[in-house]
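Whatever order the structure lists them in is the order used to number ligands and atoms, beginning at 1.
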Amino acid sequence: MTNWNDYQETAIAAAREAGRVLQEWSQKFTVSEKSRKNLVTEADVNAQDAIFRIIHDRFPDHSFLGEEDLAVENADSEFRWIIDPLDGTTNYVHQFPYYCVSIALEFSKQLTLGVIFDPTRNELFTAICGQGAFLNDRPIHSSDAEELYDAMCVASLPVGGTGDEPQVKQFLNVFPKARSVQRTGSAALNLSYVACGRVDAYWSGTLKPWDQAAGVVIVREAGGQVSKMDGTDFDVELPDMLASNSPSIQNALIDALKLD
Ligand code: IPD
Ligand code: CA
Ligand code: CA
């Protein structure tokens, strides 16, 4: 049986170092647009360089996928690291303290390990498949809310959107049914918050693998639910994801997110 602790320790070291890089750059970065309203700074790129250096030094044969143009493919390796060096760049740019580093490891195409680090609160969310989820080494569990009416929800809306997107309609559909629907700007932290019970549900139709890979492992290990928005099986390569604390809220949201 594989001992995942070595992989996890490397991911944690990389996430903490990337968090240090983000804080170091927080007063001196410059901002560019990759596309309309899709921001990138030196902090994103330098944090990814730090993560890649640490993990690649330890596991030189593995494959890598990272948001900032990182794609290393080794067809002989069953391991692939999926990296978002800064999830929540818009928040970071505005010094809104809700952003994080997200690192996942896939083995044989299965999401196996997730590490998410929020350097603003020094919060480290971790999970290994089958071994539970943790916040700063303490076990975490998704909330026990049963009714959508009592649920604290978070949704993503398209970056640089026009307002005509189906996601806006879905947001408005859920809005009167839930206690609250927020848009907070970091998919990975939203998933971490579902895992530790601060949020009851989160969905998005516009995610990339690096936004969701680590968080999905952490939610599942915390006892939460993950599927596509229509209830079918989640696929990290597809942009569509719904996560929640429980089957009852998951089902209520699958229903509420249906478009005519
Ligand atoms: C974004 C955030 C946001 C989500 C976007 C992502 P970035 O990631 O996770 O919450 O709605 O789809 O692109 O660009 O800040 O790494
Ligand atoms: Ca992201
Ligand atoms: Ca990013």
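Judged by distance alone, with hydrogens and angles left aside, the side-chain atoms of S63 form no donor-acceptor pair with the main-chain N or O of E73 at under 3.5 Å. Remark: the backbone N or O of E146 is paired with a side-chain donor or acceptor of S248 at under 3.5 angstrom. No donor-acceptor distance shorter than 3.5 angstrom exists from the side chain of R80 to the backbone of H62, with no hydrogens or angles considered. Put simply, the side chain of N136 gets close to the backbone of L124: a donor and an acceptor are under 3.5 Å apart. A side-chain donor-acceptor contact under 3.5 Å links D200 to the backbone of M152. Checking side-chain atoms of E147 against main-chain N and O of A178 turns up no donor-acceptor pair under 3.5 Å. One N or O on the side chain of N251 and one on the backbone of P247 form a donor-acceptor pair closer than 3.5 Å.
Aromatic ring pairs are classed by plane angle as parallel below 30°, tilted from 30° to 60° and perpendicular above 60°; the pair F52 and F64 is perpendicular. Using the six-membered ring where Trp is involved, Y7 and W4 have ring planes that are tilted, between 30° and 60° apart.
Checked by distance only, ligand 1 and N190 stay at 3.5 Å or farther apart across all their nitrogen or oxygen atoms. Residue Y202 has no N or O atom closer than 3.5 Å to an N or O atom of ligand 1. Between L207 and ligand 1, no pair of N/O atoms sits closer than 3.5 Å. For ligand 1, one of its N or O atoms has an N or O atom of D84 under 3.5 Å away. Annotation: V159 places no N or O atom under 3.5 Å from an N or O atom of ligand 1; distance criterion only. Taking only nitrogen or oxygen atoms, main chain and side chain alike, G88 reaches within less than 3.5 Å of ligand 1.
S156 OG, 2.9 Å is the protein heavy atom nearest to atom 11 (O) of ligand 1. Protein heavy atom at the shortest distance from atom 9 (O) of ligand 1 is D87 OD1, 2.7 Å. Protein heavy atom in closest approach to atom 14 (O) of ligand 1: E67 OE2, 4.0 Å.
Note that the OG atom of S108 and the CZ atom of F79 stand 9.0 Å from one another [nearest 0.5 Å].
Annotation for ligand 1: atoms under 4.0 Å from non-hydrogen atoms of L86 are 16 (O). Close contacts of ligand 1 with A187, meaning ligand atoms under 4.0 Å from a residue heavy atom, involve 2 (C), 9 (O), 10 (O). Within ligand 1, counting atoms from 1 as listed, the ones closer than 4.0 Å to a heavy atom of G185 are 2 (C), 3 (C), 10 (O). Interface of T206 with ligand 1, defined as ligand atoms under 4.0 Å from a residue heavy atom, comprises 12 (O).
With no hydrogens or angles considered, no side-chain donor-acceptor pair links S26 and Q95 at under 3.5 Å. Under 3.5 Å, the side chains of D87 and S102 contain no donor-acceptor pair of N or O atoms.
Under 4.0 angstrom from ligand 1, the non-hydrogen atoms of S186 all belong to its backbone.
Between E9 and R16, none of the side-chain N atoms (NZ, or NE/NH1/NH2) sits under 4.0 Å from a carboxylate O, so this pair counts as no salt bridge.
Not a single heavy atom of S204 lies less than 4.0 angstrom from ligand 1.
Counting only protein N, O or S atoms, the number found under 3.0 Å from the Ca ion (ligand 2) is 3.
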